[in-house]
Number of protein chains: 2
Amino acid sequence: MDADVVCDLLAQRLWTQPGASLLKTRLYLVLRQAILDGGIPTGIKLPPSRMLAEALMLGRNTVVRAYDQLLVEGYLETRVGDGTYVVESLAVPGRKPCSSAARLQGSVELLSVRGRRIAGMKTSSAVQHGAFMPGIPDTEHFPFATWRRLLSKYIRREQSHLLNYGVGGFGPLRAELADYLRATRLIQCDPRQVMIFNGTHQAIDLCARLLCDNGDRVWMEEPGYWGARTVLDAAGLNTVPIALDEKGMAPTAADWAHPPKLVFLSPSSQYPTGITLSLERRLELLANARTRGAWLIEDDYDNELRYHNRPVASMFGLDGAERVIYMGTFSKVMYPGLRLAYIVVPPALVDAFGAGNAEMYREGRLTDQAALAEFIAEGHLAAHLKRMRSIYRERRDTLREILDTRLGGALTASGGETGLHLLYYFNHPVVDTRVAEASIARGVVIRPLSIYYIDKARARQGMNLGYACVPVPKIAPAADVLCQVIERQSVAGGRSPELAGICAVHDDPG
Amino acid sequence: MDADVVCDLLAQRLWTQPGASLLKTRLYLVLRQAILDGGIPTGIKLPPSRMLAEALMLGRNTVVRAYDQLLVEGYLETRVGDGTYVVESLAVPGRKPCSSAARLQGSVELLSVRGRRIAGMKTSSAVQHGAFMPGIPDTEHFPFATWRRLLSKYIRREQSHLLNYGVGGFGPLRAELADYLRATRLIQCDPRQVMIFNGTHQAIDLCARLLCDNGDRVWMEEPGYWGARTVLDAAGLNTVPIALDEKGMAPTAADWAHPPKLVFLSPSSQYPTGITLSLERRLELLANARTRGAWLIEDDYDNELRYHNRPVASMFGLDGAERVIYMGTFSKVMYPGLRLAYIVVPPALVDAFGAGNAEMYREGRLTDQAALAEFIAEGHLAAHLKRMRSIYRERRDTLREILDTRLGGALTASGGETGLHLLYYFNHPVVDTRVAEASIARGVVIRPLSIYYIDKARARQGMNLGYACVPVPKIAPAADVLCQVIERQSVAGGRSPELAGICAVHDDPG
């Protein structure tokens with residue numbers, strides 16, 4: 001291949017190939033690609049830079065820079081007094097140039113076995129807001145100005161030490177949380193027992209890795225929080241569903257015959273049913289955990305948002321700091337994107353969790369933690385919570401009243417005294433996933449209850465409705481759509497004509 | 001047990017037990033504890049609230065509140081027209097009260113097998129700054145005012161949607177990164193291929209979980225980045241060290257006889273040796289990865305901090321987006337506590353990594369991502385990098401000159417053309433961990449080279465010195481301490497008296 005042929009080949013590729021690169025990098029890319037795909041064979045001499053520049057109508061510097069880069073990278077070599085060659089010994093793959101508009105299609109077979117499981121658990125929708133997305137707090141009433149002031153306060157040269165990895169978290173935040181938990185959750189702990197994470201999933205993950213091995217059994221409430229299930233499953237644990245009764249998680253003697261290494265539960269307000277775990281069950285679980293060497297993760301995700309009774313004390317406090325890991329989050333009381341959560345571990349686990357947190361995740365975000373500590377200390381969090389409790393209660397009451405009025409006999413409510421959502425069971429045979437699909441198609445997001453079950457065969461049919469991120473005036477129109485969908489589904493399903501009579505049907509002109 | 005005895009018992013415990021709780025919660029805690037430890041037996045009648053209040057010299061409301069709370073929680077029950085009883089059927093554990101000043105001693109036997117491994121890998125020190133901590137950038141010269149302005153800009157009611165979970169990350173940041181990588185790393189990718197993480201450890205973790213199963217083999221450079229090893233090991237992978245030669249990672253035919261599922265490597269500038277992987281090796285690794293179905297993680301942790309030659313193109317670009325996952329971080333170019341990193345995945349993995357990221361970690365932090373996108377788009381990152389390259393080069397040259405002058409023949413340098421650290425091998429038999437211990441004891445942190453090896457028996461002795469976070473005037477005094485330590489260690493070791501002559505010894509009066 002002589003110099004003219006090389007010039008022609010490069011000219012053709014340079015001006016015909018798609019791609020928005022600058023000319024200087026484009027020549028480099030085209031020449032490199034021609035070497036890699038065999039268009040320009042190894043061992044041949046390249047045209048002198050002046051000649052190639054003229055042929056390509058480029059400045060000579062552009063060609064020199066491309067040659068230089070490929071020299072540095074080992075594609076080309078110079079022979080003294082001779083010229084520039086493509087390295088003879090290059091084992092080029094000879095493949096075709098790859099289109100930059102590559103297809104973005106998934107290929108499940110590329111994944112590992114657990115990778116397929118994780119990717120297959122995708123349940124979170126692209127929509128993360130609006131009627132009636134569960135678990136999403138209001139973000140309109142957040143005290144933006146205060147938070148902005150506090151966040152900015154710690155981004156300063158005088159506090160540049162806060163920009164570092166920050167092993168162990170921000171001490172004052174841990175102390176603030178220890179005080180807060182003492183006052184609100186009757187938890188007695190040393191600030192060193194408080195560990196900060198980028199969200200509860202990270203905290204659950206560390207518990208699973210430090211306390212359990214592959215194949216260990218973990219009990220979960222059925223129905224329960226599926227996000228935890230994904231994380232525990234991905235950590236190699238064997239998730240075992242334990243049925244609920246009206247007193248909460250109700251393991252049977254048969255369940256206890258195969259005791260778990262870990263129990264994941266939400267005793268204050270079970271997710272999604274809102275059931276409070278009875279004292280009797282708490283004591284039983286703790287006693288068994290002690291004798292059988294099991295650990296408990298107490299997920300206290302929305303305890304701060306209790307609308308009536310005062311909160312029930314934590315299991316952590318009841319346990320005397322032995323087998324319980326208490327977990328809280330700022331996703332509901334501040335906002336989800338903040339990604340700050342915490343756990344309180346028994347004293348005997350402080351060292352291990354400190355090491356694990358540092359080694360696995362490297363921590364950091366001390367400026368955010370400092371702002372949060374001050375947000376709590378100055379009383380802004382308490383004030384925000386007080387305000388939001390009243391706003392949420394009004395939204396809940398509005399939604400509940402509409403559903404009670406229009407679908408009264410068709411639904412049975414569960415919980416609703418706390419948190420951001422209302423759970424309803426369908427009294428008549430309706431397939432909840434179909435209700436959800438039809439409702440989402442009309443712009444109203446609901447979560448079918450059955451997806452919260454591990455064992456789908458045991459699933460009760462119902463729906464989980466988040467009202468917290470829906471202003472009162474928007475609740476009625478969305479609830480109207482939902483009522484229509486439920487009525488039509490029950491008719492379409494052909495199983496429950498009586499439901500049609502109960503629902504107050506409004507014809508949808510669309 | 002009659003009412004007077006109950007009053008006495010509670011009075012004694014209330015006023016003698018340690019604990020800083022408010023009286024209203026303290027009475028609740030003491031009464032609950034007395035029930036739980038059997039001090040007050042189940043089934044007995046409690047004194048009327050007025051009587052107990054007088055006995056304890058408390059307001060009656062305080063007693064009523066404590067009773068009410070314990071009623072709600074199921075410890076007590078009221079019998080109509082009679083009084084308040086401790087629930088007869090309570091299965092109380094009868095344990096001793098737990099001291100709130102609990103010991104914080106670690107108990108390794110409480111952990112799982114993998115938990116012990118993770119906790120045992122603790123190598124990060126509490127000190128994360130100063131001479132000569134490797135991997136730590138300067139945080140004094142960061143453009144605080146600009147960053148503060150951008151961070152604040154997105155904490156606003158009008159942008160409250162940014163406070164949500166933010167599945168998929170902030171689109172404009174992904175687009176900005178795709179452009180940046182096209183210009184600087186010759187990576188052609190769609191913004192959807194770019195995924196945002198809370199640091200590289202999280203990204204490595206997701207790769208391990210989605211692409212590998214327990215027991216799968218992962219190759220790592222030897223020596224290599226230990227943090228990745230912890231994460232990969234914790235994900236159940238079998239980390240196999242592959243020796244380096246002057247061209248980088250050098251797998252032998254015997255290594256290829258047991259091909260890996262994943263290869264973790266830093267081809268631009270191998271950590272910690274600074275070796276650039278040769279083109280020949282790159283092509284060989286890629287060809288083998290394709291035929292054997294292995295994945296590569298290209299850790300490009302400090303490519304932006306190259307002081308002389310222009311950067312070598314990425315392996316991702318060379319591969320044509322098939323088997324390579326490219327990884328970058330803002331820990332070095334911005335600051336470590338920011339906890340933002342990214343990967344670019346092949347098109348075929350976009351769906352799976354999107355689902356995995358959402359399900360495993362829930363993402364979020366869109367306000368930070370928006371600020372970062374604008375920081376890049378407005379040119380602040382490029383300007384900061386330009387400035388820091390010049391500052392870091394001066395610091396590197398200062399340290400290198402001192403060590404060359406005083407310890408010239410005792411040390412052999414490796415790399416140093418990029419990044420934040422200098423690596424030196426000891427030419428004489430010195431135990432590097434002892435040098436590190438002695439140096440740290442005198443306030444100068446260094447990392448012994450041997451800790452970067454999986455197979456300690458093959459470890460070369462040396463030291464990794466971070467200069468980036470040390471202002472020039474502080475380099476000479478710290479280097480002086482280090483030189484003294486090395487000289488003394490070599491004498492103390494009794495193995496290398498000739499080293500004493502090479503080091504210019506200054507007596508330490510301390």
Side-chain angles (χ1 to χ4, degrees), chain A residues 72-74 91 93 98 100 102-104 106-107 111-113 115 118-119 121-122 124 128 139-140 144 148 152 155-157 160 163-166 188 198-199 201 209-213 230 234 279 283 287 312 320-321 335-337 339 347-348 350-352 355-356 358-359 361-362 364-366, chain B residues 73-74 91 93 98 100 102-104 106-107 111-113 115 118-119 121-122 124 128-129 139-140 144 148 152 155-157 160 163-166 188 198-199 201 209-213 230 234 279 283 287 312 320-321 335-337 339 347-348 350-352 355-356 358-359 361-362 364-366:
Chain A
V72 167
E73 297 195 2
C98 171
S100 68
R103 289 165 305 119
L104 292 176
S107 306
L111 306 180
S112 63
V113 174
I118 295 169
M121 283 175 179
K122 184 175 179 178
S124 58
Q128 291 283 333
T139 51
E140 298 279 319
F144 289 92
R148 206 159 54 222
S152 301
I155 307 279
R156 298 199 180 272
R157 177 152 299 111
S160 62
L163 302 191
N164 232 306
Y165 283 107
Q188 308 284 333
N198 286 305
H201 281 213
R209 313 258 212 139
L210 290 181
L211 301 176
C212 305
D213 285 307
T230 307
L279 178 63
L283 293 171
V312 169
Y335 55 90
R339 302 282 79 211
V350 164
D351 286 348
E359 293 310 309
Y361 316 120
R362 285 281 184 270
R365 300 187 61 203
L366 295 181
Chain B
E73 297 193 1
C98 172
S100 67
R103 288 165 306 118
L104 292 175
S107 304
L111 306 180
S112 63
V113 174
I118 294 169
M121 282 173 179
K122 184 175 180 181
S124 59
Q128 290 283 332
H129 204 264
T139 51
E140 297 279 319
F144 289 93
R148 205 159 55 221
S152 301
I155 307 278
R156 297 196 181 274
R157 178 153 297 111
S160 61
L163 302 191
N164 231 306
Y165 282 108
Q188 307 284 333
N198 286 305
H201 281 214
R209 313 259 210 139
L210 290 181
L211 302 175
C212 305
D213 285 308
T230 306
L279 178 63
L283 293 171
V312 170
Y335 54 89
R339 302 281 78 209
V350 165
D351 286 349
E359 292 311 308
Y361 315 120
R362 286 277 183 275
R365 300 187 62 203
L366 295 181

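A note on names: the letters A, B, ... follow the listed sequences, proteins ahead of strands, and every chain is numbered from 1.
Once rounded to the nearest 0.5 Å, the distance linking CG of A:Asn198 with CG of B:Asn198 reads 4.0 Å. Here A:Tyr361 contributes atom OH and B:Arg339 contributes atom CZ; the two are 12.5 Å apart, rounded to the nearest 0.5 Å.
Counting all heavy atoms, side chain and backbone alike, A:Ala119 lies closest to B:Ala355 at O-CB, 4.0 Å. Minimum interatomic distance between A:Ser152 and B:Ser152 (heavy atoms only, all atoms of both residues): OG-OG, 2.8 Å. Residues B:Glu359 and A:Ile118 share a closest heavy-atom pair of CG-O, 4.5 Å.
Your options are A:Pro336, A:Gly356, A:Gly364, and the one with the most heavy-atom pairs under 4.5 Å with chain B is A:Pro336.
At distances below 3.5 Å, not a single donor-acceptor pair connects side-chain atoms of B:His201 with backbone N or O atoms of A:Arg362. The closest donor-acceptor contact from the side chain of A:Asp213 to the backbone of B:Ser112 lies at 3.5 Å or more, if one exists at all. Judged by distance alone, the side chain of A:Arg209 and the main-chain N or O of B:Gly115 form no donor-acceptor pair under 3.5 Å.
Counting only heavy atoms from C-beta outward, the side chains of B:Leu279 and A:Glu73 never approach each other to under 4.5 Å.
Every side-chain contact (heavy atoms from CB on, under 4.5 Å) that B:Ile155 has, sequence neighbours left out, goes to A:Phe144, A:Trp147, A:Arg148, A:Leu151, A:Tyr335, B:Thr367. Checked against side chain to side chain donor-acceptor pair (under 3.5 Å), B:Ser160 has the following partners two or more places apart in sequence or in another chain: A:Glu140.
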